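First up is the structure itself, then whatever we jot down about it.
Computed from a prediction, not measured in an experiment: that's the story for all the values here. In what follows, every chain begins at residue 1, and chains take the letters A, B, ... in the order their sequences are listed.
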Protein chains: 2
Amino acid sequence: MEAGWQRQGKLWSNLKELCDVLRIPSAAVHTDEELLFQHVQFKTGQRIHTIGQPFDTLYIVHSGFLKTVLIDEFGNEQVLSFPMKGDLFGVDGIHTKRYASEAVALSNCDLILLPFKKLTALGRAHPEFEHAMYSVMSRELVREQAMVSMLGALSAEARVARFLVNLSERYADMGYSSKLFNLRMTRHEIGSYLGLTLETVSRTLSAFNEIGLITVDQRSIGIKDLDALKTLRRLPPSSTRAKQSGAKKAKAAASKEPDQPDGEWDSLATA
Amino acid sequence: MEAGWQRQGKLWSNLKELCDVLRIPSAAVHTDEELLFQHVQFKTGQRIHTIGQPFDTLYIVHSGFLKTVLIDEFGNEQVLSFPMKGDLFGVDGIHTKRYASEAVALSNCDLILLPFKKLTALGRAHPEFEHAMYSVMSRELVREQAMVSMLGALSAEARVARFLVNLSERYADMGYSSKLFNLRMTRHEIGSYLGLTLETVSRTLSAFNEIGLITVDQRSIGIKDLDALKTLRRLPPSSTRAKQSGAKKAKAAASKEPDQPDGEWDSLATA
DNA sequence: CGCACTTTTGAACAGTATCAACAAGTGTGG
DNA sequence: CCACACTTGTTGATACTGTTCAAAAGTGCG
C-alpha cells in the first residue's frame, strides 16, 4: 500500500496521474507533489452538471463515457460531444460562471474533479502545467471547429463515416480495439451530434454494412475498410450496390473478442 | 503628447487599453504598468496567418473586420468566424504550435499583437488577467458550441435570421447602429459560415425583405422587425406571402445615416 | 471601357426529413 | 413466468427543403 490516497478504492489522484490521463507531459512535475485530486463516480444516466448551475469545477474523464448537450427552448437535446477517457469538460462554464451545457453519463463513470481555483493556482506554481491547460482548451476549440466544418460542408454519409473513424482512433488511443467496439450512444444521440435524424443514421450504417465497409449488429460496430471510410465523400448509387454483395454475411454477433470494458465500473476494476 | 507609445500614429497600447478592448475588467491593473503591446495594420484582403504557420502570437481586433477559414483537401474555404472589434483569434494555434486556421482581413484592420509568452507571463503577474484570458477562451468555446447547435438543428431561414440578429447585437456593442449596417462579407462567405449555398442566402434575404422583416440593398441591411427575426423558426409558405405586401417598398438605398466607419483605416482616424 | 466578381432569380433535381409500421430487446409487476 | 409497456432500431413511402445548374443584371476596379 503505497499511499493514503489509495484508500477507499482509489478516490484520489496526484498531479502526475492527472497529467497522464490528460495526455500532457508531466516531466517537470515533482512526483512528491502533495496535491491530490478527488475522484467521483456516476452511474449510467446520472447528470454531472446541468445548464445554469453555478460553475466551479472542471471534470476529467478517468473512465467511462458521457455526452454533453444543449437544451433548446422547447426541450430538444442537441448533443455537443461524447467525452471519454482523457477528455476535459465543463470549460464552457468559465465565462459566465455557470455551465452552458449539461453532462450526462452514458455508462458508469469515474471522473477526476479539477476545481477551477486549483487549476489557476497550479498554473502559477507550474508554468508548464499552465501551458498544458491552455493547450487542452485549445484542443477543445479545434475539435469544435472541425465539427462546424463537418456540419457545414459534408453529406450525411461522410459525417457518419468520419464519426466512425474518429471513434475508432479514439478507442485505439485508449488502448482498446479500433476494429471492433460498441457504441455507447443511441442512433438518436448520434444523429443529434451529426445534425441528422436517427433514421438517416440507421440507414447509413446499414448501407455501409451492405457494401462491406463495416459490420453492424445493434450497438456493435466492426470496422472493415478504414481507408474507404476515411476518404468517403458520397456513396455510390444503390443500384450499383445491389450486385456486389459477396463475402460480407459475417455478422459480428458471434465474435466475443475482448474489445473494451463492460464492467460495473469501466476500467476501475484494477484495484 | 502623453507617452512615447503614441508616436507613429498609435502603434502601441498599454495593458488597460488591451483589457478595455477585450471587454474584461481592468480594475486591478496598475495603470502605471510599463508593458506595451504592439499594433499592426493589415489592408483588405491581406492574410494575417495561414494554416500550418508556426504559432506564437494571438491577435485582438482593435478595429476592422476579418474572417477565419479552414481549407479542405480540395481548396474549398469553410468560414469559421467573422472576428471584429474586441474579438480574440489565433487561439487554435496553441495546441499544435501551428495555426489550425487562416485569418483574412475583410476591411483594413488594426490588430493588437499578444505574444503567447507575454500572455502567460502576464497571467502569473496578474491573477485577474489570467482569469480573464481563460474567460475569453471559454467565451470562444461557447460561441463555437452555439454554431454547432445552429448548424445541427436550424432551418436555412432560422440560420440567416440568427446571423442578422447576432450581427445587429455585435454592432450595438461596438457603438454602431444596430438597425442599419453594411455586411463586410459576400453571400458566399455568409453561406459558408452558415452551412448554406450563396443562392439560399440571397433568396432568404430577399424573402425577409419581401415580408418586411428587413430591407436589403446589396451589402446594406436595415433591421425592421428584430423580434420576428429572433423568434423565427420557419417562413410562412410563399403563397401566403404573395398577398400581404403592403407598406414596405422603402428601399434602404437612399438613407445615408452614419452607421459605421468606412474610412481608410476603420476607426483609426481618432489620432 | 471592359472584365471579373457579386448578386438575384428561375427551374429541375437530389438528399434528408417526416410519417408510419414493425421487429427486437428490456424491464416491470401481477 | 408471462403479459405488458416502453425503448431502441430497421425499413419503406412520400414530401419538402435546399442544392445545382443556368442566365442575366448590377457593381467595382484597373
Side-chain angles (χ1 to χ4, degrees), chain A residues 44-45 67 76-77 106 150-161 182-192 194-210 214-221 232-239 241-242 251-253, chain B residues 43-45 67 76-77 79 106-107 150-161 182-210 214-221 232-242 251-253 262:
Chain A
T44 303
K67 64 174 177 181
N76 304 311
E77 284 194 359
L106 295 180
M150 181 162 102
L151 294 176
L154 298 190
S155 68
E157 292 106 19
R159 293 183 208 183
V160 174
N182 288 318
L183 301 175
R184 312 318 266 255
M185 63 292 284
T186 66
R187 304 287 191 266
H188 181 76
E189 287 162 340
I190 296 172
S192 172
L194 298 177
L196 304 169
T197 59
L198 67 94
E199 292 97 330
T200 299
V201 173
S202 178
R203 272 187 252 270
T204 305
L205 289 176
S206 296
F208 286 174
N209 180 60
E210 261 188 76
I214 63 174
T215 58
V216 187
D217 181 56
Q218 297 290 112
R219 300 283 181 96
S220 167
I221 300 285
L232 184 145
R233 304 230 122 229
R234 83 180 353 110
L235 234 39
S238 57
S239 54
R241 274 180 266 156
K251 285 276 182 184
Chain B
K43 286 192 252 189
T44 304
K67 65 173 176 181
N76 304 310
E77 284 194 358
V79 175
L106 295 181
S107 72
M150 180 161 104
L151 294 175
L154 298 190
S155 68
E157 292 104 19
R159 293 182 207 183
V160 174
N182 287 318
L183 301 174
R184 312 320 263 258
M185 63 293 284
T186 67
R187 304 286 192 265
H188 181 76
E189 287 163 340
I190 296 172
S192 172
Y193 180 65
L194 298 177
L196 304 170
T197 59
L198 68 95
E199 293 95 330
T200 299
V201 173
S202 179
R203 271 187 252 273
T204 305
L205 290 176
S206 296
F208 286 174
N209 180 59
E210 260 187 78
I214 63 175
T215 58
V216 187
D217 181 56
Q218 297 290 114
R219 299 285 180 95
S220 167
I221 299 285
L232 185 143
R233 304 230 124 229
R234 80 180 355 111
L235 235 37
S238 57
S239 54
T240 311
R241 272 180 266 155
K251 284 275 182 186
D262 257 302

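- Without hydrogens or angle criteria, A:Arg233 side chain to A:Ala158 main chain gives no donor-acceptor distance under 3.5 Å.
- In this entry the distance linking CG of B:Asp217 with C1' of D:dA25 reads 14 Å, nearest Å.
- Regarding B:Asn76, its CG atom lies at a distance of 15 Å from the C1' atom of D:dT19, rounded to whole Å.
- For B:Arg219 and D:dT27, the shortest distance from a side-chain N or O to OP1 or OP2 is not below 4.0 Å.
- A:Arg187 places its CZ atom 16 Å from the P atom of C:dA24, with the value rounded to the nearest Å.
- Using a 4.0 Å heavy-atom distance criterion, A:Leu198 is classed as a base contact.
- Here B:Ile190 contributes atom CD1 and B:Leu196 contributes atom CG; the two are 10.0 Å apart, rounded to the nearest 0.5 Å.
- Protein atom CG of B:Leu205 is 10 Å distant from nucleotide atom C1' of C:dT7, rounded to whole Å.
- Contact between the side-chain N/O atoms of B:Thr186 and the OP1/OP2 oxygens of C:dT6 is not found at any separation under 4.0 Å.
- Taking only side-chain nitrogens and oxygens, A:Ser206 comes nearer than 4.0 Å to OP1 or OP2 of D:dT11.
- B:His188 has its NE2 atom 15 Å from the P atom of C:dT8, to the nearest Å.
- The phosphate of D:dT19 has OP1 or OP2 within less than 4.0 Å of a side-chain N or O from B:Thr200.
- Among the atoms of the strands shown, none is found under 4.0 Å from any heavy atom of A:Arg159.
- As judged by a 4.0 angstrom heavy-atom cut-off over every strand, B:Gly195 is placed among residues touching the sugar-phosphate backbone only.
- Note that the CZ atom of A:Arg203 and the OG1 atom of A:Thr197 stand 7.0 Å from one another [nearest 0.5 Å].
- Considering only side-chain atoms of B:Leu196, the nucleotide from D:dG18, C:dT18, D:dT20 that sits closest is D:dG18.
- Phosphate proximity of D:dT19 to B:Thr197: present, with a side-chain N or O under 4.0 Å from OP1 or OP2.
- Rounding to whole angstrom units, CG of residue A:Leu154 and P of D:dT19 are separated by 14 Å.
- Atom CD in B:Glu189 sits roughly 11 Å away from atom C1' in C:dT6 (whole-Å rounding).
- One finds a salt bridge joining B:Glu77 and B:Lys67 here, because a Lys/Arg side-chain nitrogen approaches an Asp/Glu carboxylate oxygen to under 4.0 Å.
- With rounding to whole Å, A:Ile221 atom CD1 is found 14 Å from D:dT10 atom C1'.
- Along DNA chain D, the nucleotide nearest to A:Gln218 and the one nearest to A:Arg203 differ in position, and the one closer to the 5' end is contacted by A:Gln218.
- In this structure, B:Leu151 and B:Tyr193 approach most closely via the heavy-atom pair CD2-O, 4.2 Å.
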